[in-house]
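Taking it in order: structure first as structure tokens, then the write-up.
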There are 2 protein chains.
Amino acid sequence: MGRKSMKESRQKEIIVACYKLAKKEGLENTSIAKIAQSMNINPSLIIHYFQTREELIYGLIDYMLAKYKGIFNVPKRSNKSAREILLEVIDHLFSKKWNALFDDSLFYGCFALTFRDHKIKIKYKVVLDELRKSLAELIEASVKEGSIQVAHPYDVADTTFMILDGAYFYVNLLKDPKQINEKLGEFKPKVLALLGICEPNTN
Amino acid sequence: MGRKSMKESRQKEIIVACYKLAKKEGLENTSIAKIAQSMNINPSLIIHYFQTREELIYGLIDYMLAKYKGIFNVPKRSNKSAREILLEVIDHLFSKKWNALFDDSLFYGCFALTFRDHKIKIKYKVVLDELRKSLAELIEASVKEGSIQVAHPYDVADTTFMILDGAYFYVNLLKDPKQINEKLGEFKPKVLALLGICEPNTN
DNA sequence: TGTTTGATTGAACGTTTAGTTAATTTATTT
DNA sequence: AAATAAATTAACTAAACGTTCAATCAAACA
């Protein structure tokens, strides 16, 4: 008896509002009061669903990292070869397409928290490792298929993400989207070389 | 006439105190009042030397980035060959030795600000480019010396820092110093390979 | 010595912060 | 219709925030 709980859905709504605000104004300028204002609800309601601000931030990070994992998801058609899928994924990783979907500012803002919050550090570590593993599995599938030859798939996946993370780190400091794409384009061939592929079609 | 200005030296003292505090507590928890408290001075004095908190942060970033540039400075003896110096620098870059000197937490914390503050973005960009240029010049010197063969020194320097930045990004999520050194050790040979060097002495 | 100028302080400003508590509204069940 | 439990709000607190202002103190020079 009594009223039905809206906890999960309401928490999600609050996190989404928090995400939007933090993306625009920065994490340090995103207060409970401001989130409440943007939703036209009472600040106390946010405290009601997340007991503390800290808990809300954890929720925000989970939400953000889930989005981040999405950089790996490319529409897969079952009739495609493993190699085709692999190349599509790499193409996707080195494009700024998913930039609209995902916000780097928040990603780095929360990353800074990993140094003082062990829970957050683990969250990041888990996601980064998952991504490496996913890519490694994609490489393995291509190897089994016989379409590429790679001795240590996980190593290649690891190196790929090192280059990728390093490249995006730098590229975020460029203002011109054209420059960004150029720079990213420079590094894609280096990753393909790791896979023993010498440029497919550069267009 | 009148009293001598202590502006420069006092500003420096305040920035150093700010740096220490931000390193320990995080940038978002570093207030003017707390800095003043740590120095046993009045908060107003900090405002006196930096008109606003924003100005203080700019000072902090300049100071921090100057330290960051220090990762490149390895004691150079004039009797060493260009190749020897180059290898020492790379060794230094891939060691965590300079971690005591420099704090990553603050580096990433301030990096997050680049997304909303163009001045800060430029500060970072300039330093990253300077480091790439310095490494490129070191490579060029070795090429001229005839001790290594590299077609495009700047490209190699650029790629080196991509790998380095990507590696440190990941490595910061590891807790065990041993693991950190292992991981970094994995990537040093890859950079040396770019220089056409196949492991000098791994010990 | 008196004047000038910067160093430094202390008190107060209004605003914002995260969080508490108590009351009220709303939906659901018996 | 009464009971119940969760949703939501209103009012509030205490602390912290960056900043302002006026006053005082200390050094340098005329």
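The sequence lines fix the lettering, A, B, ..., with proteins before strands; numbering per chain opens at 1. Excluded from the calculations below are hydrogen atoms, water molecules and symmetry mates; all remaining heavy atoms, backbone and side chain alike, are included.
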Of all pairs that satisfy salt bridge (Lys or Arg N to Asp or Glu O under 4.0 Å), the ones with a partner from residues 39-52 of chain B, not counting sequence neighbours:
none
Judged by nearest nucleotide, the residue sitting upstream toward the 5' end of DNA chain C, B/Arg10 or A/Ala33, is B/Arg10
Hey, would you say the B/Phe187 and B/Phe94 ring centroids sit under 6.0 Å apart?
no
Along DNA chain D (nearest heavy atom to each residue), the more 5'-positioned of B/Ile47 and B/Gly2
B/Ile47
Want to settle it: does A/Lys34 or A/Asn42 sit nearer the 5' end of DNA chain C, counting the closest nucleotide to each?
A/Lys34
First contact, last contact: which nucleotides of DNA chain D are these for chain A, 5' to 3', heavy-atom distance under 4.0 Å?
D/dT4 to D/dA11
Regarding A/Lys80 and A/Glu88, does a basic nitrogen lie under 4.0 Å from an acidic carboxylate oxygen?
yes
How are the rings of A/Phe169 and B/Tyr108 set relative to one another: parallel (under 30°), tilted (30 to 60°) or perpendicular (over 60°)?
perpendicular
When the rotation axes relating C1' atoms of four end pairs to the next four are compared across the helix from C/dT1-D/dA30 to C/dT30-D/dA1, five pairs an end, they differ to 10° by 10°
Close side-chain approach of A/Phe115 and B/Asp103, heavy atoms under 4.5 Å:
no
Could you pick out which residue, A/Pro43 or B/Gln51, lies toward the 5' side of DNA chain D when each is mapped onto its nearest nucleotide?
A/Pro43
Review item, side-chain donor-acceptor pairs of residues 10-17 of chain A, under 3.5 Å, at least two apart:
unit_1: A/Arg10; atom_1: NH1; unit_2: A/Glu13; atom_2: OE1; d: 2.8
unit_1: A/Gln11; atom_1: NE2; unit_2: A/Tyr49; atom_2: O; d: 2.9

Please assess B/Phe107 against B/Tyr68 for the test ring-ring contact (aromatic ring centres under 6.0 Å, His included), listing each intermediate value before the final yes or no.
CA-CA 8 Å; B/Phe107 182 74; B/Tyr68 180 64; 4.4 Å; yes
If you count heavy atoms of other groups shown closer than 6.0 angstrom to CD of A/Glu130, is the number above 12?
yes
Any side-chain heavy atom of A/Glu28 within less than 4.5 Å of one from B/Leu27?
no
Looking for any heavy atom pair under 4.0 Å, which part of the strands does B/Ser44 touch: base, sugar-phosphate only, or nothing?
base
With heavy-atom distances below 4.5 Å as the criterion, would you say the side chains of A/Leu21 and A/Asn29 are in contact?
no
For B/Phe50, answer base if it contacts any base atom (sugar-phosphate contacts may also be present), sugar-phosphate if it contacts only those atoms, and nothing otherwise; contact means non-hydrogen atoms under 4.0 Å.
nothing
Below 4.0 Å from chain B heavy atoms, what is the first contacting nucleotide of DNA chain C and what is the last?
C/dT4 to C/dA11
Show me the side-chain donor-acceptor pairs of residues 60-67 of chain B shorter than 3.5 Å, one per line, residues at least two apart or across chains.
unit_1: B/Asp62; atom_1: OD1; unit_2: B/Lys123; atom_2: NZ; d: 2.9
unit_1: B/Asp62; atom_1: OD2; unit_2: B/Lys123; atom_2: NZ; d: 3.2

Is B/Ser5 touching bases, backbone alone, or none of the nucleic acid, heavy atoms closer than 4.0 Å?
sugar-phosphate
